[in-house]
Q: 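One structure follows; several queries about it will come next.
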Amino acid sequence: MALAACLAAAGLYSVHARLDVNWDLKNYHFYNAYAFLTGRLGWDIAPAQLQSYYNPLLDIPFYWLVQAIPSPRIIAFVMGSTAGVAALMLLRILVALFPAGTRDRALWIAAAFAMGVTGSMGLSVMGATMNEWPPAMMLMVSLSVLVAAIAKDGRPTLAAIGVAGVVTGIAVGLKLTYGVFGMGLIAAAAATPGAVSQRMRGAFAMGCFLFVGFLLSYGLWGAILYDRFANPFFPHFNAIFQSPWWEPVNYFDRNYGPRSAFQAIFFPLILAREYKLVSEVSFRDWRLGVAFVVAILAAAKYLARRRTDSPAPAWTFLAAFTLASYLAWLKLFGIYRYLVPLEMLSGPLIVGGALYLLPGVHLRRVATVVLAILVVATTRPASWGRLDFRGAYFDVAVPEVAPRSLVILGPYEPMAYAIPFFRPDTRFVSPWNNFLHFSQENLLSRQIRDVVAKHPGAIYTMDFWGQDPVNATLESYGLARDEKSCLPIRSYLDTSAMRICRVRRLR
């Protein structure tokens with residue numbers, strides 16, 4: 001019954017949020033699955049920009065739903081299912097943290113659950129293709145197994161470590177940003193009570209099982225990238241692998257995160273007010289800020305009592321996991337929507353911290369209810385783009401192009417989602433995008449130049465009306481666009497702003 005309720009609530013909220021049209025969907029989430037299933041990795045060249053080379057396995061279910069189900073509302077409902085399962089796992093964690101016989105147990109569980117499932121990022125990406133909820137679901141499954149085992153036996157069993165490690169490793173392989181939570185699990189395994197040798201064996205076992213799960217979900221794609229580009233994470237970590245197909249640098253998005261040591265220390269309090277430090281779009285969420293304050297006060301009380309308190313092992317594990325994962329995220333990414341699992345865990349941590357800090361049953365009840373109401377009521381989700389539902393998820397119509405044509409994509413704008421609607425023998429290249437420039441001398445840029453120079457058939461450009469940066473690319477290749485030949489590409493997702501134009505050779 002709880003699972004049915006969670007699935008129904010998540011599905012209905014996903015439908016209520018309307019049609020997802022985020023930048024990543026238009027750039028690569030739909031295209032990558034199509035390219036993988038139709039073998040276009042060696043045919044198209046970077047049409048979805050840097051993201052053309054991300055593991056496509058997470059995108060295949062959405063692609064299949066679009067092909068199999070005509071109603072976008074049903075697709076949206078199904079896409080919310082992973083959030084529903086994650087919510088059930090949070091409930092299982094809370095049941096283990098507040099065992100039967102705990103006074104006011106129902107109140108603590110209800111308050112923590114309400115805070116955990118209403119986080120701004122969790123609501124923002126509900127039913128979206130940004131792929132935050134599927135790995136979050138897997139991580140919550142892992143945590144529920146570990147917390148239940150620790151609550152029962154005082155420390156995680158090898159079986160629990162094995163299940164949690166493999167499942168989380170699969171999540172990491174599907175979405176590499178979840179590596180921070182893999183680090184968190186290893187650190188938490190090392191922080192559980194017991195002899196040092198026991199804890200180190202647990203951490204080592206966790207790392208081994210994580211690697212097994214990672215190979216299960218990333219091994220095939222990593223092998224494909226290595227065979228093609230001599231880098232299993234192409235184009236990331238290329239300073240290490242030195243693939244000649246791209247520049248020898250390690251690509252990281254440094255636009256987000258703290259800008260000073262002061263901000264780094266108080267970042268949970270700052271990010272709710274200065275959203276541009278952690279997100280492209282505005283939102284408001286005080287969960288991490290409240291959890292930060294509660295954690296500082298709880299640590300101060302613990303030290304003031306000269307560490308005579310004995311926190312339950314399950315709480316210690318959860319706190320260690322949250323802290324280690326947060327610190328890894330702060331160092332590597334600083335992008336708030338990657339923290340959906342910590343949003344969920346903020347509920348139990350805030351409630352547990354309040355119960356530890358406050359004396360008296362009445363004060364604890366009032367404080368917990370007030371905190372839950374304030375945290376939930378002040379939450380404002382973000383939006384990366386939503387539209388009203390209409391006849392089909394993708395209402396796209398492209399002009400007819402000549403057989404075996406070459407299409408040169410204009411820079412920066414996400415357009416690859418329209419590629420599946422062209423003739424399958426059409427080839428797409430992107431010489432100038434968020435990780436390539438036509439003036440570079442790496443093998444990828446050279447391959448594009450060679451393809452353009454030797455292409456025997458019709459050549460087109462695809463870009464947006466009123467934007468002409470593609471002209472610089474064409475000029476460098478000795479090409480020019482025939483402005484009178486431009487035709488619109490009908491697309492509900494872009495209000496028909498895209499166009500395709502014929503290109504002629506100047507020499």
Side-chain angles (χ1 to χ4, degrees), residues 6-7 9-11 13-14 17-30 32-33 51 54-63 65 75-90 116-143 167-182 184 217-218 253 256 271 275 278-283 285 287-288 322 325-326 328-329 332-347 379-386:
C6 290
L7 290 174
Y13 186 89
S14 177
R18 303 183 301 156
L19 190 76
D20 169 43
V21 293
N22 72 80
W23 192 95
D24 288 348
L25 167 62
K26 293 187 284 186
N27 186 46
Y28 75 99
H29 284 305
F30 189 64
N32 279 10
Q51 293 84 0
Y54 286 3
N55 191 344
L57 295 186
L58 263 183
D59 297 317
I60 291 176
F62 170 72
Y63 181 82
L65 287 171
I75 294 172
F77 187 92
V78 175
M79 291 287 286
S81 62
T82 50
V85 175
L88 179 69
M89 294 302 106
L90 173 61
V117 298
T118 57
S120 60
M121 290 298 114
L123 294 179
S124 301
V125 299
M126 190 83 73
T129 56
M130 300 177 87
N131 288 337
E132 300 302 339
W133 274 115
M137 173 193 69
M138 297 177 196
L139 181 64
M140 294 302 291
V141 168
S142 300
L143 291 174
V167 172
T168 302
I170 292 172
V172 175
L174 293 174
K175 191 173 179 71
L176 295 180
T177 56
Y178 268 63
V180 300
F181 300 113
S217 59
Y218 194 83
D253 189 346
Y256 302 101
L271 63 84
Y275 76 87
V278 292
S279 176
E280 311 95 326
V281 295
S282 65
F283 71 97
D285 197 314
R287 280 165 180 76
L288 293 191
T322 301
S325 299
Y326 167 77
W329 167 85
L332 295 175
F333 300 116
I335 298 174
Y336 192 66
R337 66 180 171 88
Y338 295 165
L339 291 186
V340 169
L342 297 196
E343 278 190 341
M344 300 194 80
L345 295 180
S346 67
T379 299
R380 179 167 58 82
S383 176
W384 283 271
R386 300 273 185 170

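Just so you know, these numbers come straight off a predicted model, no measurement behind them.
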Q: Taking all non-hydrogen atoms of both residues, which atom of Met121 and which atom of Tyr336 are closest, and how far apart?
A: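 Heavy-atom minimum between the residues: CG-CD2, 3.1 Å.
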Q: Taking atom NZ of Lys175 and atom CG of Asn55, what is their separation to the nearest 0.5 Å?
A: 11.0 Å
Q: Enter the distance from Tyr218:OH to Leu176:CG here, rounded to the nearest 0.5 Å.
A: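 Answer rounded to 0.5 Å: 5.5 Å.
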Q: State, yes or no, whether a side-chain contact exists between Tyr338 and Pro135 at a heavy-atom distance under 4.5 Å.
A: no
Q: Looking at Ser120 and Asp285, what are the two nearest heavy atoms and their distance?
A: N-OD2, 2.7 Å
Q: Nearest 0.5 Å please: distance from the CG atom of Leu143 over to the CG atom of Leu90.
A: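 Going from the CG atom of Leu143 to the CG atom of Leu90 covers 10.0 Å.
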Q: Nearest 0.5 Å please: distance from the OG1 atom of Thr82 over to the CE atom of Met126.
A: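 Separation between the atoms: 8.5 Å.
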Q: Hey, are the side chains of Ser217 and Leu174 touching, using non-hydrogen atoms and a 4.5 Å cut-off?
A: yes
Q: So, the side chain of Ser142 versus the backbone of Met138: is there a donor-acceptor pair under 3.5 Å, distance only?
A: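 Such a contact is found between Ser142 side chain and Met138 backbone.
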Q: Measure across Tyr178 and Ala171 and return the closest heavy-atom pair with its distance rounded to 0.1 Å.
A: CB-O, 4.2 Å
Q: At what distance, to the nearest 0.5 angstrom, does NZ of Lys26 lie from CG of Asp20?
A: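 Rounded to the nearest 0.5 Å, the NZ-CG separation comes out at 10.0 Å.
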Q: Just to verify, what does Tyr275 make a side-chain contact (heavy atoms from CB on, under 4.5 Å) with, not counting sequence neighbours?
A: Ser282, Phe283
Q: Are Asp24 and Arg337 close enough for a salt bridge, meaning some N to O gap below 4.0 Å?
A: yes
Q: So do Arg386 and Leu19 actually touch side chain to side chain, heavy atoms under 4.5 Å?
A: no
Q: For the side chain of Arg287 and the backbone of Leu345, is there at least one donor-acceptor N/O pair under 3.5 Å apart?
A: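 Checked: no pair found.
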Q: Between Trp133 and Val85, is the side-chain contact (heavy atoms from CB on, under 4.5 Å) condition met? List the steps.
A: CA-CA 9 Å; Trp133 274 115; Val85 175; over 6 Å; no
Q: Name the atoms and distances for all side-chain donor-acceptor pairs under 3.5 Å in residues 56-63, with sequence neighbours left out.
A:
| residue | atom | partner | partner atom | Å |
| --- | --- | --- | --- | --- |
| Asp59 | OD1 | His29 | ND1 | 2.7 |
| Asp59 | OD1 | Asn131 | ND2 | 2.9 |

Q: Locate the shortest heavy-atom distance separating Gly84 from Cys6; write the atom from each residue and the value.
A: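 Residues Gly84 and Cys6, closest heavy atoms: O-CB, 3.3 Å.
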Q: Applying side-chain contact (heavy atoms from CB on, under 4.5 Å) between Met344 and each of Leu139, Thr118, Val117, report the one that passes.
A: Val117
Q: Any side-chain to backbone donor/acceptor pair from Glu132 onto Gly122? Under 3.5 Å, distance only.
A: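 The answer is no, because no donor-acceptor pair under 3.5 Å joins these two groups.
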Q: Does any N or O in the side chain of Asn32 come within less than 3.5 Å of the main-chain N or O of Gln51, such that one atom is a donor and the other an acceptor?
A: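 Side chain of Asn32 to backbone of Gln51, a donor-acceptor pair under 3.5 Å: yes, one is there.
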Q: So which heavy atom on Thr379 is nearest to which on Gly119, and how close?
A: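 Heavy atoms only, the tightest pair is CG2-C, 4.2 Å.
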Q: Are any of the side-chain heavy atoms of Phe333 and Leu339 separated by less than 4.5 Å?
A: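 Side chain of Phe333 against side chain of Leu339, heavy atoms only: no contact under 4.5 Å found.
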Q: Rounded to the nearest 0.5 Å, how far apart are OH of Tyr13 and CG of Leu123?
A: 4.0 Å
Q: Checking Thr168 side chain against Gly182 main chain: does a donor-acceptor pair fall under 3.5 Å?
A: no
Q: Between Ser14 and Ala76, what is the shortest heavy-atom contact and its length?
A: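 Nearest pair, atom of Ser14 first, then Ala76: OG-O, 2.6 Å.
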Q: Are Thr129 and Phe30 packed together at the side-chain level, in the sense that at least one heavy-atom pair is separated by less than 4.5 angstrom?
A: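 No, their side chains stay 4.5 Å or more apart.
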